[in-house]
Amino acid sequence: MRLMAAPVAASIMLAACGGSNEEVSSSYTEQQSVVAESIAFDDKECAAQRLPIALVLKNNGSEATRSVSWHFAVNRVNHSDNLTGLDMGTPFTDANRRTDRIIEPGESFKVCSSAPRIEGYAPDSKELEYRVILDTK
């Protein structure tokens with residue numbers, strides 16, 4: 001599976017195909033202190049919580065976070081249409097996609113997340129590519 005991050009104004013995107021994570025290639029600006037380091041669908045702790053996605057967030061900034069919210073943009077591999085309808089302008093409102101866990105500079109933190117509903121696909125389908133859109137405070 002391929003994981004990569006792309007620079008975006010006040011958030012970061014991480015592309016991941018369904019399945020477990022392998023490697024992460026990150027590129028971010030100084031504005032982006034928190035990045036999605038990895039995404040996985042095979043985490044037993046998250047499955048036990050009925051939250052299928054394990055997301056590892058890393059604080060590369062110089063200050064601790066107060067909260068991090070996220071949502072997913074999902075497309076079929078080698079296609080550009082976003083199957084969720086969510087983008088950078090979508091409000092961050094889903095309670096299962098927010099943590100108030102303080103993440104110290106240099107620290108990584110795993111959080112379990114709900115998956116977006118994609119009609120006709122299982123959340124961990126190898127045909128899907130996920131991008132994580134973050135909002136930090």
Side-chain angles (χ1 to χ4, degrees):
M1 172 185 14
R2 182 186 73 202
L3 301 176
M4 62 188 155
V8 179
S11 63
I12 193 85
M13 292 184 182
L14 174 79
C17 298
S20 63
N21 58 355
E22 288 181 4
E23 69 179 58
V24 176
S25 169
S26 264
S27 173
Y28 53 90
T29 66
E30 289 179 35
Q31 299 168 316
Q32 299 157 328
S33 58
V34 176
V35 297
E37 198 169 46
S38 68
I39 183 172
F41 292 88
D42 59 354
D43 186 272
K44 291 179 183 177
E45 180 183 322
C46 291
Q49 297 176 45
R50 297 183 184 249
L51 296 170
I53 297 176
L55 183 63
V56 177
L57 305 172
K58 181 166 185 179
N59 185 351
N60 289 322
S62 58
E63 297 181 20
T65 64
R66 291 187 323 227
S67 69
V68 179
S69 300
W70 62 92
H71 55 250
F72 301 101
V74 183
N75 58 283
R76 292 185 0 229
V77 174
N78 296 321
H79 290 79
S80 61
D81 287 350
N82 180 356
L83 302 175
T84 66
L86 302 174
D87 61 22
M88 294 274 303
T90 303
F92 294 90
T93 57
D94 187 329
N96 288 329
R97 296 191 185 128
R98 179 184 179 277
T99 182
D100 67 346
R101 166 71 155 64
I102 294 170
I103 305 172
E104 296 293 335
E107 180 183 16
S108 292
F109 174 69
K110 180 180 81 173
V111 63
C112 299
S113 177
S114 61
R117 294 184 194 268
I118 307 294
E119 193 170 325
Y121 294 95
D124 62 348
S125 171
K126 301 235 184 272
E127 296 177 50
L128 299 177
E129 184 172 70
Y130 282 70
R131 287 173 287 144
V132 179
I133 302 170
L134 299 171
D135 181 45
T136 61
K137 302 207 182 339

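All of these numbers come straight from a predicted model, not from anything done at the bench.
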By side chain to side chain donor-acceptor pair (under 3.5 Å), S113 pairs with (sequence neighbours left out) W70
Verify, without hydrogens or angle tests, whether R117 (side chain) and P123 (backbone) share a donor-acceptor contact under 3.5 angstrom.
no
Atom OG in S114, atom CZ in F72: separation rounded to 0.5 Å?
7.0 Å
CG (D81) and OG1 (T84) are apart, to the nearest 0.5 Å, by 11.0 Å
Is R98 paired with D100 through a side-chain N to carboxylate O contact shorter than 4.0 Å?
no
Is it the case that the side chain of T136 and the backbone of T65 share a donor-acceptor pair, with hydrogens and angles ignored and the cut-off at 3.5 Å?
no
Exercise answer: donor-acceptor pairs, residues 44-59 side-chain atoms, under 3.5 Å, sequence neighbours excluded:
from	atom 1	to	atom 2	distance (Å)
E45	OE1	K110	NZ	3.4
N59	OD1	G61	N	2.8
N59	ND2	E63	O	2.9
N59	ND2	I103	O	2.8

Would you say F109 and V68 make side-chain contact, with heavy atoms under 4.5 Å?
no
Just to verify, what does R66 make a side chain to side chain donor-acceptor pair (under 3.5 Å) with, not counting sequence neighbours?
none
Distance check, rounded to the nearest 0.5 Å: E119 atom CD versus L83 atom CG?
10.5 Å
Can you tell me if N75 uses its side chain to pair, donor with acceptor, with the backbone of N82 under 3.5 Å?
no
Working to the nearest 0.5 Å, report the span between OH of Y130 and CD1 of I118.
6.0 Å
Which residues pass the salt bridge (charged side-chain N to carboxylate O under 4.0 Å, His left out) test with E104, not counting sequence neighbours?
none
Taking every heavy atom of A122 against every heavy atom of L128, the minimum-distance pair comes out as O-CD1, 3.7 Å
Using the side chain to side chain donor-acceptor pair (under 3.5 Å) criterion, which residues pair with S67? Sequence neighbours excluded.
none
